[in-house]
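Inspection log for the structure reproduced underneath, given as structure tokens.
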Amino acid sequence: MSQPRDDRQDDLFRPVLEEIINLRHPLVRLAGEIDWDFLAGRFSSVCRVGPGQPPLPTRLVAGLFILKHMHNLSDEALCERWVENPYFQYFCGEVVFRHELPFDRSSLTRWRQRLGEEQIIALLQESLSVAHRTGAIDTKDLERVAIDTTVQEKAIAHPTDARLTHRAIEKLVELAKREGVALRQSYLRLAKRAAIMVGRYTHAHQFKRARRELKFLRTRLGRIIRDIRRKIEGNTALEDRFGPLLDLALRVRHQQQRQRGPKVYSLHAPEVECIGRGKARAPYEFGCKVSIATPVTAPKGGQFVLHAKALHGNPYDGHTLGPVIANLEKLTGVTVRRIHGDKGYRGHNYPNRFKVWISGQVRRVTKAIRREMRRRAAIEPVIGHLKEDHRMGRNYLTGRHGDRINAVLAAAGYNFSLLLRWFEELLRVLSLILCHALLAARFT
């Protein structure tokens, strides 16, 4: 399934890609270094042989995922550039230049849901394998790692009680209208005005009036919930359709500002968590925690991401160290000798505590370890690049599985972008060597 598609018998006059592209381009070199058969074996495991249209070639799907997160493109922008860019088409396994998409944009969404984190992590594993084969990273770089966590924010609006209550009213009324449930009163006009006034009163520091308008919204939401429950009582089909939204609306209706335990921060993404990281510019971030591991050394090809995993439930950083290192060793096949973390990893659950060094630690610190501890902060710009350049800063994929998939794809896209730069440097060095050889031969 990973073999390139050859449709030249349909049109003998289509240009062959190898004749119109530069075969020394870094993207062409990267396509030649990737083990597409390994990715095909992992991706084809989710395909079933049966009636219907055959699945897309696995090289096409894997190449699209790599290009999307390597160049920070949306699905729509990726499709547009794929038609225009012959290098993208060659990277995805095409033999001749195509003027139309051989797939639908929604195919990317279905493939992401079908594969899941367990299969997509093969892209991250292959990026490290290519880096090791080409000399961009050595085995010793995989033995000493730095660990840190960050927040992968979800694509939601900033949650406020007034906005959540107003949105719950709108969604319930919209669903009731779509299912033919006649409500006694919708309160849409009144709820919209009340939500606007809450913002205005809060901005003017008139908090008593703002609380009165918020109470008005909650009262109307409660009336709509009770009205819908009376109308659908005994109708199993309608109860199943309204059940999830009614449960979320009831939680929004009764949750308070300072209550403990899980809260609803978005109706379309109820899995979102509120995470405080102690930042002055962003006291609270809404999404999920992600653990990142990079070499604490300085590899030749750059600071590759060795492991990335989304962690739900807002766990304590130290309690994530044991499972993360176990997954990292399984992914790379190399036993980790030293682990460097910040002070958030104090009280960790890693079984061999003598392999872990915390920033600011004094005991058991040699000169070599002290140099590595100073290098621990190199993980911070890696996290910044993952967020700004590879789509981890704002996650648009739905559900918890979308959080896990996006974290792995962002790490794989970052690694492949480093490999592109590595091949560019190699090409530049080879060109310089060739020029010097020609000049030396000319003057001798």
Side-chain angles (χ1 to χ4, degrees), residues 149-177 183-229 242 244-290 312-314 387-388 392-400 402-403:
T149 59
T150 186
V151 177
Q152 177 180 242
E153 294 190 65
K154 201 78 167 182
I156 66 170
H158 185 76
T160 61
D161 292 336
R163 189 182 186 281
L164 285 173
T165 308
H166 181 223
R167 287 295 296 157
I169 292 174
E170 287 184 332
K171 284 184 171 292
L172 284 174
V173 172
E174 180 185 358
L175 182 58
K177 185 177 181 180
L183 299 179
R184 187 173 64 89
Q185 190 172 348
S186 67
Y187 302 105
L188 287 179
R189 182 176 56 85
L190 298 175
K192 181 178 180 180
R193 181 187 179 280
I196 292 173
M197 295 310 296
V198 169
R200 291 180 178 179
Y201 286 144
T202 304
H203 180 71
H205 288 200
Q206 298 177 6
F207 299 112
K208 187 174 181 180
R209 291 179 175 176
R211 284 193 298 268
R212 185 171 65 238
E213 296 293 338
L214 180 59
K215 182 179 179 181
F216 176 89
L217 278 172
R218 286 175 171 163
T219 302
R220 269 58 187 178
L221 176 59
R223 289 183 184 180
I224 293 177
I225 293 173
R226 293 189 296 271
D227 191 15
I228 290 176
R229 283 182 170 175
F242 279 90
L245 185 55
L246 283 175
D247 293 340
L248 284 176
L250 196 62
R251 289 175 60 187
V252 171
R253 164 71 179 80
H254 292 291
Q255 69 185 12
Q256 299 297 323
Q257 181 180 6
R258 302 188 185 279
Q259 76 175 36
R260 298 186 65 84
K263 296 174 64 176
V264 177
Y265 298 101
S266 174
L267 293 173
H268 75 272
E271 72 278 359
V272 168
E273 302 156 2
C274 179
I275 303 174
R277 303 286 291 179
K279 302 176 183 177
R281 59 176 177 81
Y284 301 102
E285 296 173 288
F286 300 94
C288 71
K289 188 173 286 190
V290 176
H312 295 95
N314 193 11
K387 289 189 172 184
E388 292 297 326
M392 190 185 281
R394 192 167 177 84
N395 178 25
Y396 293 89
L397 305 184
T398 182
R400 293 193 170 190
D403 296 335

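Quick note: numbers below take in every heavy atom, side chains included, and nothing from hydrogens, waters or symmetry partners.
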Taking side chain to side chain donor-acceptor pair (under 3.5 Å) as the definition, give me every residue that meets it alongside Asn395, ordered by chain and number, with sequence neighbours left out. Asp403

Heavy-atom count check: over 12 atoms from other residues, nucleotides or ligands less than 6.0 Å from Lys208 NZ? no

Thr202: which residues meet the side chain to side chain donor-acceptor pair (under 3.5 Å) condition with it, sequence neighbours left out? none

Of the non-hydrogen atoms in Ile228 and Phe242, which two are nearest, and what is the gap between them? CG2-CD2, 3.7 Å

For the CD atom on Glu388, are there more than 12 heavy atoms of other groups (residues, nucleotides or ligands in this structure) within a distance under 6.0 Å? no

Set of side-chain contact (heavy atoms from CB on, under 4.5 Å) partners for Lys171, sequence neighbours left out: Arg167, Leu245, Leu267

Evaluation steps, side chain to side chain contact (heavy atoms under 4.5 Å, CB included), between Leu250 and Arg229: CA-CA 12 Å; Leu250 196 62; Arg229 283 182 170 175; 3.7 Å; yes

On a heavy-atom basis, the closest approach of Leu248 and Pro270 is CD2-CB, 3.8 Å

Going by salt bridge (Lys or Arg N to Asp or Glu O under 4.0 Å), name the pairs with one or both residues in residues 264-273, residues two or more places apart or in two chains. Lys154-Glu271

I need the full list of salt bridge (Lys or Arg N to Asp or Glu O under 4.0 Å) pairs touching residues 209-226, with sequence neighbours left out, sorted by first then second residue. Asp161-Arg218

Working to the nearest 0.5 angstrom, can you tell me the gap between Ile224 CD1 and Ser186 OG? 7.0 Å

If I compare all heavy atoms of Glu153 with all of Gly393, which pair ends up nearest, and what's the gap? CB-O, 3.7 Å

Between Phe286 and His158, what is the ring plane arrangement, given parallel below 30°, perpendicular above 60°, and tilted in between? perpendicular

Residues in side chain to side chain donor-acceptor pair (under 3.5 Å) contact with Thr165, at least two apart in sequence or another chain: none

Between Thr150 and Lys387, do the side chains contain a donor N or O and an acceptor N or O under 3.5 Å apart? yes

Under 3.5 Å, is there a donor-acceptor pair between the side chain of Gln255 and the main chain of Val252? no

For Lys192 and Ile196: C-alpha separation, side-chain torsions, deciding distance, then whether side chain to side chain contact (heavy atoms under 4.5 Å, CB included) applies. CA-CA 6 Å; Lys192 181 178 180 180; Ile196 292 173; 4.2 Å; yes

Taking only residues two or more places apart in sequence or in another chain, which ones pass side chain to side chain donor-acceptor pair (under 3.5 Å) with Arg400? none

Taking all heavy atoms of Leu221 and all of Ala168, pick out the closest pair and write down the distance. CD1-CB, 3.9 Å

Over all atoms of both residues, closest heavy-atom pair of Ile169 and Ala191: CD1-CB, 3.9 Å

Is there a side chain to side chain contact (heavy atoms under 4.5 Å, CB included) between Tyr284 and Ile275? Walk through the geometry before answering. CA-CA 6 Å; Tyr284 301 102; Ile275 303 174; over 6 Å; no

Listing request: all salt bridge (Lys or Arg N to Asp or Glu O under 4.0 Å) pairs with a residue in residues 253-268, at least two apart in sequence or in separate chains. none

Heavy-atom nearest pair, Leu164 first then Pro159, reads CD1-CB, 4.3 Å

What pairs with His254 under ring pair (Phe, Tyr, Trp, His ring centres under 6.0 Å), at least two apart in sequence or on another chain? none

Show, in sequence, the C-alpha distance, side-chain angles and deciding distance for His312 and Lys289, and conclude whether the side chain to side chain contact (heavy atoms under 4.5 Å, CB included) test is met. CA-CA 6 Å; His312 295 95; Lys289 188 173 286 190; over 6 Å; no

Could you pull out all residues at least two apart from Ala155 that satisfy side-chain contact (heavy atoms from CB on, under 4.5 Å)? Arg394, Tyr396

Atom CZ of Arg200 with >12 non-hydrogen neighbours under 6.0 angstrom: no

With sequence neighbours left out, what residues match Ala195 under side-chain contact (heavy atoms from CB on, under 4.5 Å)? His166, Leu217

Sequence neighbours excluded - ring pair (Phe, Tyr, Trp, His ring centres under 6.0 Å) pairs with any residue from residues 199-221: His205-Phe207

